[in-house]
Each structure stands twice: as C-alpha cells, then as structure tokens.
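The block underneath contains the structure these notes are about, expressed in structure tokens.
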Amino acid sequence: MTPLITGNYISFAAACFTLASALSGDRKRIYLFQAVQCFLLAVANIFFFSVSGVTTFLLCAVRNLLLACDRFTRKLCIVFVAAVAVIGLAANNRGLLGLLPVITTALYTIICLYAKREKAIKMNMVVNLSLWAVYEIFISDYVSFAVDSATAAAALFSIFRKQNVRRHL
C-alpha cells in the first residue's frame, strides 16, 4: 500500500471524529473529538510527508485536550501560538504551502481562547476546516478535503438549524 493511500485511510478515521465534533452540542465533547481527530491527522501527515502538518496537529491535539478540560488560559494560548509558529516554521518542508497549517492553527488557537458558546466554537470550526481543506487539496489528502468541506457545511447547518428552532419556540 502506498503512503498516500495509507494516509488517506487514517484521514478517514479522523474524519469520523471531525464530523462528530461538528454535530456535538457539548463544548467538552466538541474539543475531545477534535483532540482525537488531530492526533490521527498527525499520524496521517507522516504518510503525506508533511512534517509541519505532523507537528501542528500534535500541538492541536494537546490544545484541544486543554480546551476540553477548561485549562486553556491566555498564557497557554500565547505559548501554543508561539510553539506553532516556531515549530511549524522550522518543520516546514512545503514552502509557502507549509505556512498554511501554521497560520490556520494560530488563528484557530487565538479564537478558541474567546469562543465559549457553541455557535462561536462552530463558526471557528467552519473557518478552520475551510482553510485546512485548501491545504489538504494541495497535499493530495482527498479524504480530509472532502470530509473537512462537508463537516464545515454540517457545522453551518447545525448552527442555522438551532437558530431556526429557537425562532419557532
């Protein structure tokens, strides 16, 4: 089996957790599902030969665990953004394209500090997943591209569905 196919299989497993996070209504579970997703994607990026993807996703997994346990502070946010920037830039083996995971992750990390309600968390997810989808299409991670695009749409649908239910009550 080629590394590309192996990476896509692992990405498919991660996709299940991506979708679960988008459909979950509980803040803690959203971030726990994302932690597992990020760990699996770190492994998948080994097979896509993306060192910056591996390091970025490992940092994201730890960050999401801290968010799930309400232990993500302003100081930790600064540490994570700095770590993503330094490690992501040092590990970048994809040129300008390799900067996209760094920028995407830094942006998501900062917004995570302030997004406390389900709607804000999911909107942050939509932006994050959309930016990752751009990266994934360029590294040929087709499974993650399809799932992240669909999950961003599912998260938007979830937000709008809840708003419509509240309007009709």
Test side chain to side chain contact (heavy atoms under 4.5 Å, CB included) applied to L32 and L65, step by step: CA-CA 6 Å; L32 286 175; L65 286 173; 3.9 Å; yes
For L129 and A152, work out which heavy atoms get closest and say how close. CD1-N, 3.8 Å
Of all heavy-atom pairs linking G25 and E118, the shortest is O-OE1, 3.5 Å
Check the hydrophobic clustering (I, L, V, M, F, W, Y; side-chain heavy atoms under 4.5 Å; chains of links allowed) and say if L97 and F57 are grouped together. yes
Inspect the surroundings of CZ in F33 and state if more than 12 heavy atoms from other residues, nucleotides or ligands are less than 6.0 Å away. yes
Could you tell me whether D70 and R27 make a salt bridge, using a distance below 4.0 angstrom between a side-chain N and a carboxylate O? yes
Is atom NZ of K116 surrounded by more than 12 heavy atoms (other residues, nucleotides or ligands) closer than 6.0 Å? yes
Verdict with reasoning, F72 to T109, per side chain to side chain contact (heavy atoms under 4.5 Å, CB included): CA-CA 10 Å; F72 194 68; T109 300; 3.6 Å; yes
Do you know which two heavy atoms are closest between L41 and S144, and how far apart they sit? CD2-OG, 3.5 Å
Measuring only between side-chain heavy atoms, which start at C-beta, is I30 closer than 4.5 Å to M125? yes
Answer whether the closest heavy-atom distance between the side chains of V147 and S11 falls below 4.5 Å. no
If you compare all heavy atoms of S21 against all heavy atoms of K122, which two are closest, and at what distance to 0.1 Å? O-CE, 4.4 Å
So which heavy atom on A22 is nearest to which on T151, and how close? CB-CG2, 3.3 Å
Looking only at atom types and distance, does a side-chain atom of T105 sit under 3.5 Å from a main-chain N or O of V102, one as donor and one as acceptor? no
Given T104, which of V84, L131, V127 fulfils the side chain to side chain contact (heavy atoms under 4.5 Å, CB included) condition? L131
Is the distance between the ring centroids of W132 and Y108 less than 6.0 Å? no
Could you tell me whether the side chain of N124 reaches within less than 4.5 Å of the side chain of L107, counting heavy atoms only? no
Y142 and S140 side chains, donor-acceptor separation under 3.5 Å: yes
A side-chain contact here means heavy atoms from C-beta on lying under 4.5 Å apart; do V143 and I10 qualify? no
For a side chain to side chain contact (heavy atoms under 4.5 Å, CB included) check, start with the C-alpha distance between F80 and L66, then their side-chain angles and the critical distance, and finish with the verdict. CA-CA 11 Å; F80 271 86; L66 290 167; 3.6 Å; yes
Common cluster, V54/L4, ILVMFWY with side-chain heavy-atom separation under 4.5 Å: no
Would a hydrophobic clustering, with Ile, Leu, Val, Met, Phe, Trp and Tyr connected at side-chain separations under 4.5 Å, put M123 with I121? no
Step by step, work out the side chain to side chain contact (heavy atoms under 4.5 Å, CB included) result for L113 and L67. CA-CA 8 Å; L113 184 64; L67 283 160; over 6 Å; no
I'd like to know if the side chain of N64 reaches the main chain of C60, judged simply by a donor and an acceptor atom lying under 3.5 Å from each other, with no hydrogens or angles considered. yes
V126 with I111, same ILVMFWY side-chain cluster at under 4.5 Å: no
Backbone N/O of F160 and side chain of K119: donor-acceptor pair under 3.5 Å: no
Given the rule that I, L, V, M, F, W and Y join up when any side-chain heavy atoms are under 4.5 Å apart, are Y114 and L76 in one cluster? yes
Looking only at atom types and distance, does a side-chain atom of N92 sit under 3.5 Å from a main-chain N or O of G88, one as donor and one as acceptor? no
Residue that, paired with N8, satisfies side chain to side chain contact (heavy atoms under 4.5 Å, CB included) out of F47, F48, F145: F48
Criterion side chain to side chain donor-acceptor pair (under 3.5 Å) on Y135 and S50, from CA distance to verdict: CA-CA 11 Å; Y135 175 74; S50 176; 2.5 Å; yes
